[in-house]
Colleague: 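Quick one: structure below, then a few questions.
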Amino acid sequence: MRSCPCEAGDRSCAESAETAALRPAALAPEEPAFEAGIPIETLSLYKTITYVTGVTLTDQIWYLAIASAAATTGGIFLAANAATTSAMVYSYEYVWAFCCEAPPGPDGVVPVSATKAIIYRGISMVGVGALTLAFGNTVASAAAVTGAIALSRTAVYVANNYAWNRIDARAPTAPAETPWSPW
């Protein structure tokens, strides 16, 4: 079948049409395909549970050690921090998986994204800063707690993503075989 407008008997057009028809199958680079991993909503939930557990504990240590109103608001901070962090992390993980997740590398593991960690640090710092101020801490105390928490949350966040990306490693799938055809 011809794909270009040619005059009847025009050999060069017929040859180029045949070559073009064969070229994509013969020269198209195969992009690696991987099996489906853990469903997004499940993986987001697992990442949220493990991350929130880690950061709630480290956040509480920083809050109790640094915050000016920690003696009277420590328990309330713990509960509010766990609830807001859970909602923020699950939402962020779920949306990131749809919009921005990198494809798995050659080993089937999705790389940990520095961009993802930096963006979430900003969101996280706003949330923690707002909570510490809402519970009657001074601006200086809230800033110190937020800074300390940002450092420990970054470490927990990267470790958590690294671990879950390894757990969710995907096996490569066999490339689909295209039947050979001279046409």
Colleague: For residues Ile49 and Tyr90, determine if any side-chain heavy atom of one lies less than 4.5 Å from a side-chain heavy atom of the other.
Modeller: no
Colleague: Output, in order, the C-alpha distance, side-chain angles, deciding distance and verdict of side chain to side chain contact (heavy atoms under 4.5 Å, CB included) for Ile149 and Met125.
Modeller: CA-CA 8 Å; Ile149 286 175; Met125 288 175 69; over 6 Å; no
Colleague: Kindly work out whether a path of hydrophobic side-chain contacts (I/L/V/M/F/W/Y, heavy atoms less than 4.5 Å apart) joins Val52 to Val95.
Modeller: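 Different clusters.
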Colleague: To the nearest 0.5 Å, what is the distance between CD1 on Ile66 and CH2 on Trp62?
Modeller: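 Output value for this atom pair is 5.5 Å.
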Colleague: Can Ser113 and Trp96 be said to form a side chain to side chain contact (heavy atoms under 4.5 Å, CB included), step by step?
Modeller: CA-CA 11 Å; Ser113 169; Trp96 186 270; 3.7 Å; yes
Colleague: What are the two closest non-hydrogen atoms of Leu133 and Ala142, and how far apart are they?
Modeller: CD2-CB, 3.6 Å
Colleague: For Ala80 and Leu131, which heavy atoms make the closest approach, and how far apart are they?
Modeller: CB-CD2, 3.9 Å
Colleague: Does Leu43 share a hydrophobic cluster with Tyr51, counting links as ILVMFWY side-chain heavy atoms below 4.5 Å and allowing steps through other members?
Modeller: no
Colleague: Tell me, do Leu64 and Phe77 make a side-chain contact under 4.5 Å, heavy atoms counted?
Modeller: no
Colleague: Please check: side-chain N/O of Thr73 versus main-chain N/O of Ile76, any donor-acceptor pairing under 3.5 Å?
Modeller: no
Colleague: Once the angle between the rings of Tyr157 and Tyr92 is folded into 0 to 90°, is it parallel (under 30°), tilted (30 to 60°) or perpendicular (over 60°)?
Modeller: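 Tyr157 and Tyr92: tilted rings.
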Colleague: For the residue pair Phe98 and Tyr94, categorise the inter-ring angle as parallel (less than 30°), tilted (30 to 60°) or perpendicular (more than 60°).
Modeller: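 Plane angle over 60°, so perpendicular.
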Colleague: So how far is it from Tyr63 OH to Thr56 OG1, rounded to the nearest 0.5 Å?
Modeller: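 Rounded to the nearest 0.5 Å, the OH-OG1 separation comes out at 14.0 Å.
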Colleague: Side chain to side chain contact (heavy atoms under 4.5 Å, CB included) between Arg166 and Tyr162: does it pass, once the steps are laid out?
Modeller: CA-CA 6 Å; Arg166 292 271 176 227; Tyr162 183 82; 3.2 Å; yes
Colleague: For a 4.5 angstrom cut-off between non-hydrogen side-chain atoms, does Gln60 reach Asn81?
Modeller: no
Colleague: Taking side-chain hydrogen bond (donor to acceptor under 3.5 Å, both in side chains) as the definition, give me every residue that meets it alongside Tyr46, ordered by chain and number, with sequence neighbours left out.
Modeller: none
Colleague: Considering all heavy atoms of both residues, which atom of Val145 and which atom of Ala67 are nearest to each other, and what is their separation?
Modeller: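 Shortest heavy-atom contact: CG2-N, 3.6 Å.
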Colleague: Would you say the side-chain atoms of Ser68 pair up with the backbone N or O of Thr138, donor to acceptor, closer than 3.5 Å?
Modeller: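 Confirmed, Ser68 side chain pairs with Thr138 backbone.
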Colleague: Over all heavy atoms of both residues, which pair between Ile40 and Ala97 is shortest? Give the atoms and the distance, please.
Modeller: CG2-CB, 3.6 Å
Colleague: Would you compute the distance between atom CG of Leu45 and atom CD of Glu93 and round it to the nearest 0.5 angstrom?
Modeller: 11.0 Å
Colleague: Atom CE in Met88, atom CD1 in Ile123: separation rounded to 0.5 Å?
Modeller: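 CD1 of Ile123 is found 7.5 Å from CE of Met88.
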Colleague: Should Lys47 and Asp168 count as an ion pair when the cut-off is N to O under 4.0 Å?
Modeller: no
Colleague: Find the distance between CD1 (Ile38) and CD1 (Ile167) and round it off to the nearest 0.5 Å.
Modeller: 7.0 Å
Colleague: At their closest point, which heavy atom of Ser86 faces which heavy atom of Ala82, and how far apart are they?
Modeller: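 Minimum heavy-atom contact is OG-O, 2.7 Å.
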Colleague: Does either side chain, that of Thr132 or that of Asn137, offer a donor lying less than 3.5 Å from an acceptor on the other one?
Modeller: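 No donor-acceptor contact under 3.5 Å links the two side chains.
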Colleague: State, to 0.1 Å, how close Gly129 and Thr146 come at their nearest heavy-atom pair, and which atoms those are.
Modeller: CA-OG1, 3.3 Å
Colleague: To the nearest 0.5 Å, what is the distance between OH (Tyr120) and CD1 (Ile118)?
Modeller: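 Tyr120 atom OH to Ile118 atom CD1 measures 15.0 Å (nearest 0.5 Å).
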